[in-house]
Amino acid sequence: MKDPLELGNRKRIFEAVRQNPGVHFRELQRLISMPIGVLSYHLDYLADRGLLTVDKQESFTRYFPGGQLGRDKQQMLGALRQEIPRGIILFLLMNPGATHGEVLQSFTISGGTLSYHIKKLVSKGLIEVNKAGRESRMTVIEPDKVSDLLIVYRRSFLDRLVDEFVASYVGAGSPPDPKAEPKTDRVSTSAPDSTGSSEDSRNQQGPDPRS
């Protein structure tokens, strides 16, 4: 039986996904500089043989190493790969029980955009919103599990806020004091992976994928 990772291209793809679980198609293509047609062919080949798991989320197709991460961790990593959801989660890890207004102060987005992403995170079971009098307070449902993923895959995010969180978490042995002054910077919307915009252009012609 042939090794499905026999070809150098497949090894490169598998290793890139292993190091960046939850990576979407376009970002993977940028990481390894492989023609779209070739990448698409080998991704399908690896997925068909169970070496990769494919998760289609709206207009995004995300890839995970097969059999290595449960569905819950895939959901977490899928959110953490997006700039705005990642920023919300980071803020709530450092400020559990924060209100909508408190979170909004650390972002350069509208209240409506923030509400949209919060609803998505709630629907995916990543954060919860609880009424406290007239206010609603938000917390990450499994903070330790999310923190572990941020630590393990810290380098793949290329995000200074993640680095600062991990340094604080590891140094203190627990999330930072929620009463302390927040250290998160205002989050912009410049990253292409921050919304549900289409990125999955897999129909373009490219070189012979078997090469």
Side-chain angles (χ1 to χ4, degrees), residues 1-86 89-90 120-121 123-126 140-159 162-163 165-166 170 191-211:
M1 181 177 178
K2 285 189 175 181
D3 181 355
L5 295 178
E6 180 180 17
L7 293 180
N9 278 341
R10 290 177 196 153
K11 290 181 180 179
R12 288 174 59 206
I13 293 168
F14 181 81
E15 186 62 19
V17 174
R18 188 185 67 80
Q19 294 180 3
N20 303 272
V23 64
H24 66 66
F25 183 86
R26 275 294 192 179
E27 181 60 23
L28 181 59
Q29 194 269 335
R30 288 192 290 269
L31 282 173
I32 60 179
S33 300
M34 188 176 293
I36 290 175
V38 177
L39 177 59
S40 180
Y41 172 83
H42 288 303
L43 282 170
D44 289 343
Y45 185 96
L46 293 171
D48 288 343
R49 285 152 183 79
L51 289 170
L52 295 182
T53 298
V54 182
D55 184 15
K56 294 186 177 181
Q57 303 176 0
E58 299 176 352
S59 57
F60 287 90
T61 300
R62 297 188 178 279
Y63 297 90
F64 300 86
Q68 296 186 20
L69 295 166
R71 180 62 182 170
D72 56 343
K73 291 185 177 180
Q74 289 186 16
Q75 288 272 32
M76 292 174 184
L77 282 167
L80 292 172
R81 291 291 172 203
Q82 302 175 66
E83 183 184 20
I84 294 176
R86 181 171 68 245
I89 291 171
L90 283 169
K120 296 289 287 185
L121 291 171
S123 69
K124 293 179 179 179
L126 301 181
V140 176
I141 293 177
E142 296 187 89
D144 289 340
K145 189 176 291 187
V146 174
S147 298
D148 288 345
L149 290 174
L150 287 167
I151 292 170
V152 172
Y153 300 108
R154 172 180 62 84
R155 293 183 179 179
S156 70
F157 292 109
L158 301 176
D159 187 335
V162 172
D163 293 340
F165 170 79
V166 170
V170 172
D193 197 11
S194 61
T195 67
S197 60
S198 176
E199 53 75 42
D200 224 355
S201 304
R202 299 181 57 178
N203 297 323
Q204 301 182 25
Q205 294 297 319
D208 184 351
R210 298 169 186 79
S211 59

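Considering only heavy atoms from C-beta on, Leu126 stays 4.5 Å or farther from Val140 through its side chain.
In this structure, Arg49 has no salt bridge (charged side-chain N to carboxylate O under 4.0 Å, His left out) partners at least two apart in sequence or on a different chain. Not a single side chain to side chain donor-acceptor pair (under 3.5 Å) links Thr53 to another residue, sequence neighbours left out. Judged as a side chain to side chain contact (heavy atoms under 4.5 Å, CB included), and not counting sequence neighbours, the contacts of Glu142 are Met76, Lys145.
What you find for Leu121 and Ala79 is that their closest heavy atoms are CD2-CB, 3.8 Å. Here the closest heavy-atom approach between residue Leu28 and residue Leu39 is recorded as CD2-CD1, 4.0 Å. Across every non-hydrogen atom of Pro21 and Arg81, the tightest pair is O-NE, 2.9 Å. Heavy-atom minimum distance, Tyr153 versus Leu77: CD1-CD2, 4.1 Å. The heavy-atom pair separating Arg18 from Pro65 by the smallest distance is CA-CG, 4.3 Å. Considering every non-hydrogen atom in both Leu150 and Val166, the closest pair reads O-CG2, 3.8 Å.
In this structure, CG on Leu51 lies 11.5 Å from CD1 on Ile13, to the nearest 0.5 angstrom. To the nearest 0.5 angstrom, Tyr41 atom OH is 10.0 Å from Leu46 atom CG. How far CD of Glu15 is from CG of Leu31: 12.0 Å, rounded to the nearest 0.5 Å. Interatomic distance, Ile89 CD1 to Leu80 CG, rounded to the nearest 0.5 Å: 4.5 Å. Here Leu149 contributes atom CG and Asp72 contributes atom CG; the two are 8.5 Å apart, rounded to the nearest 0.5 Å.
With respect to the salt-bridge test (charged N to carboxylate O, under 4.0 angstrom), the residues Glu83 and Arg86 do not qualify.
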How far apart are the C-alpha atoms of Val23 and Arg62, what are their side-chain angles, what is the distance that settles it, and do they pass the side-chain contact (heavy atoms from CB on, under 4.5 Å) test? CA-CA 5 Å; Val23 64; Arg62 297 188 178 279; over 6 Å; no
Go through it in stages, so that I can follow the logic: the residues are Phe64 and Leu52, the test is side-chain contact (heavy atoms from CB on, under 4.5 Å), and I'd like the CA-CA distance, side-chain angles, deciding distance and then a yes or no. CA-CA 6 Å; Phe64 300 86; Leu52 295 182; over 6 Å; no
One pair to check against side-chain contact (heavy atoms from CB on, under 4.5 Å): Tyr63 and Phe25. What are the steps and the verdict? CA-CA 8 Å; Tyr63 297 90; Phe25 183 86; 3.9 Å; yes
Using the rule given for side-chain contact (heavy atoms from CB on, under 4.5 Å), can you reason through Ile32 versus Asn9, listing the C-alpha separation, both sets of side-chain angles and the distance that settles it, and then say yes or no? CA-CA 9 Å; Ile32 60 179; Asn9 278 341; over 6 Å; no
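Without hydrogens or angle criteria, Ser40 side chain to Ile36 main chain gives no donor-acceptor distance under 3.5 Å. With hydrogens and angles disregarded, a donor-acceptor distance shorter than 3.5 Å links the side chain of Gln82 to the backbone of Gly78.
Paired with Asp55 under the rule side chain to side chain donor-acceptor pair (under 3.5 Å), one option of His24, Arg71, Gln74 passes, and it is Arg71.
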